[in-house]
Amino acid sequence: MEASSSCPASASEIVFFDLETTVPNKAGQRFWVLEFGAIIVCPRKLVELDSYSTLVRPKDLSVVALKSSRCDGITREAVANAPAFGEVADKIFTILNGRIWAGHNIRRFDCVRIKEAFEEIGRPAPMPVGMIDSLGVLTEKFGRRAGNMKMATLATYFGLGQQKHRSLEDVRMNLEVLKHCATVLFLESSLPSVMSGKWHNPSTMVTRSRSNGKLLCREENSRKSPPTTTLGYQRAVPYTRGSLGKV
């Protein structure tokens, strides 16, 4: 997976990635990776350069539900013939290592699961050159205006449809959520009085009329009111512009 000619080679590529895993229901059980999906994005143009996804077969198939509780969820039958993590580890390492990592709640969840999966096969885990965890970034910069800050809630807030809980679809949704949030924040910083509804006097407007050839000013009550609306790996990078049990 190499950078496209549309993205300068000097620009650090961002890899948005997501894992789907089993959900432990007993003490002492571990998470098993069931799917890995990622998109590589040019940070200067926010275009998808490359993508990759794969289902992953856990060592013990019994940990995977026969029928998923989600409409697009991953079942035991779906992963029965998928490659084991060790068979796709080289590909995943190449995708992740040395790039900026991005995703929703990856610092607390996905990064930990990746490290565990590589430890399981006795190999060193990939390392990022920076990280954008959209859960932390959006909670700080965007606030909780969109609700609980889960990806499904953010997607609904921006009218992006229903979260699929499949890795590749979710990372693409993650990128779109960030674009929408960044647009709102840009507008608010550029037009703070308009976006916050702080108009000088929304109930009145000044009009001009002619009387004996002279312009006269008068105030009228207006029936229209203006609208009001009341980003173990510690190196973080700011969100920059730029195709590879979770919130």
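Only heavy atoms go into these numbers, but all of them, side chains included; no hydrogens, no water, no symmetry mates. Source: prediction; values computed, not measured.
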Working note: Glu188 + Leu185, criterion side-chain contact (heavy atoms from CB on, under 4.5 Å); need CA distance, chi angles, decisive distance, verdict.
CA-CA 5 Å; Glu188 288 179 347; Leu185 293 173; 3.9 Å; yes
Start with the C-alpha distance between Leu34 and Leu55, add both sets of side-chain angles, then the distance that settles side-chain contact (heavy atoms from CB on, under 4.5 Å), and finish with yes or no.
CA-CA 6 Å; Leu34 298 180; Leu55 290 169; 5.8 Å; no
Passes side-chain contact (heavy atoms from CB on, under 4.5 Å), Thr94 versus Asn97? Steps please.
CA-CA 6 Å; Thr94 300; Asn97 195 52; over 6 Å; no
Step by step, work out the side-chain contact (heavy atoms from CB on, under 4.5 Å) result for Val15 and Val41.
CA-CA 6 Å; Val15 53; Val41 173; over 6 Å; no
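The SG atom of Cys111 lies 9.5 Å from the CG atom of Asn105; values are rounded to the nearest 0.5 Å. Atoms CG and CZ, on Asp133 and Phe109 in that order, are 12.5 Å from each other to the nearest 0.5 Å. Atom CE of Met131 is separated from atom CD1 of Ile14 by 12.5 Å, given to the nearest 0.5 angstrom. Between atom CG of residue Asp110 and atom NZ of residue Lys115 there is a gap of 15.0 Å, rounded to the nearest 0.5 Å. Interatomic distance, CG of Leu66 versus OG1 of Thr75, reported as 8.5 Å (0.5 Å rounding). Taking CG from Leu178 and CG from Leu138, the interatomic distance works out to 5.5 Å, rounded to the nearest 0.5 Å.
Within the 4.5 Å cutoff, no side-chain heavy atoms of Val33 are placed close to those of Glu20. The shortest side-chain heavy-atom distance between Pro126 and Ile114 falls under the 4.5 Å cut-off. Residues Asn174 and Phe17 are not in side-chain contact: their nearest non-hydrogen atoms beyond the backbone lie 4.5 Å or more apart. Contact check for Thr153 versus Lys150: side-chain heavy atoms found under the 4.5 Å cut-off. Residues Pro128 and Ile100 form no side-chain contact, since every pair of their non-hydrogen atoms from C-beta on lies 4.5 Å or further apart.
Scored by the salt bridge (Lys or Arg N to Asp or Glu O under 4.0 Å) test, Glu35 finds Arg166 as partners (sequence neighbours excluded). In this structure Asp60 satisfies the side-chain hydrogen bond (donor to acceptor under 3.5 Å, both in side chains) test together with Ser62, sequence neighbours excluded. Under the side-chain hydrogen bond (donor to acceptor under 3.5 Å, both in side chains) criterion, Thr156 pairs with no residue, sequence neighbours left out. By the side-chain hydrogen bond (donor to acceptor under 3.5 Å, both in side chains) test, Arg76 is found to be paired with no residue, residues two or more places apart in sequence or in another chain being considered. Listed by chain and number, the residues in a side-chain hydrogen bond (donor to acceptor under 3.5 Å, both in side chains) with Asp90 are Arg123 (sequence neighbours excluded).
Taking a cutoff of 4.0 Å between a charged side-chain nitrogen and a carboxylate oxygen, Glu169 and Arg172 do not qualify as a salt bridge.
Of all non-hydrogen atoms in Val171 and Leu168, the two that sit nearest each other are CG2-O, 3.1 Å. Minimum heavy-atom separation, Val79 to Pro58: CG2-CD, 4.2 Å. Residue Ala155 comes nearest to Gly161 through the heavy atom pair CB-O, 3.6 Å, listed as atom of the first residue, atom of the second, then distance. Across Val129 and Gly98, no two heavy atoms sit closer than the pair CG1-O, 3.5 Å. Pairing each heavy atom of Gly103 with each of Phe16, the nearest pair is N-CD2, 4.4 Å. Of all non-hydrogen atoms in Gly37 and Ser167, the two that sit nearest each other are N-CB, 3.3 Å.
Counted within 6.0 Å of CD on Glu119, heavy atoms from surrounding residues, nucleotides or ligands total more than 12; the atom is thus considered enclosed.
Taking the six-membered ring wherever Trp is involved, the centroid distance between the rings of Phe85 and Phe36 does not fall below 6.0 Å. The aromatic ring centres of Phe142 and Phe158 sit less than 6.0 Å apart.
Side-chain N or O atoms of Gln29 include one that pairs as donor or acceptor with a backbone N or O of Asn25 at under 3.5 Å. Not one N or O on the side chain of Thr139 forms a donor-acceptor pair closer than 3.5 Å with the backbone of Gly136. In this structure a side-chain-to-backbone donor-acceptor pair under 3.5 Å is present from His104 to Met149. With Arg57 contributing its side chain and Ala82 its backbone, the two residues share a donor-acceptor pair below 3.5 Å. No side-chain donor-acceptor contact under 3.5 Å links Thr21 to the backbone of Trp32. Under a 3.5 Å cut-off, the side chain of Asp170 and the backbone N or O of His165 do form a donor-acceptor pair.
Sorted by first and then second residue, the salt bridge (Lys or Arg N to Asp or Glu O under 4.0 Å) pairs involving residues 24-33 (not counting sequence neighbours) are Arg30-Glu120.
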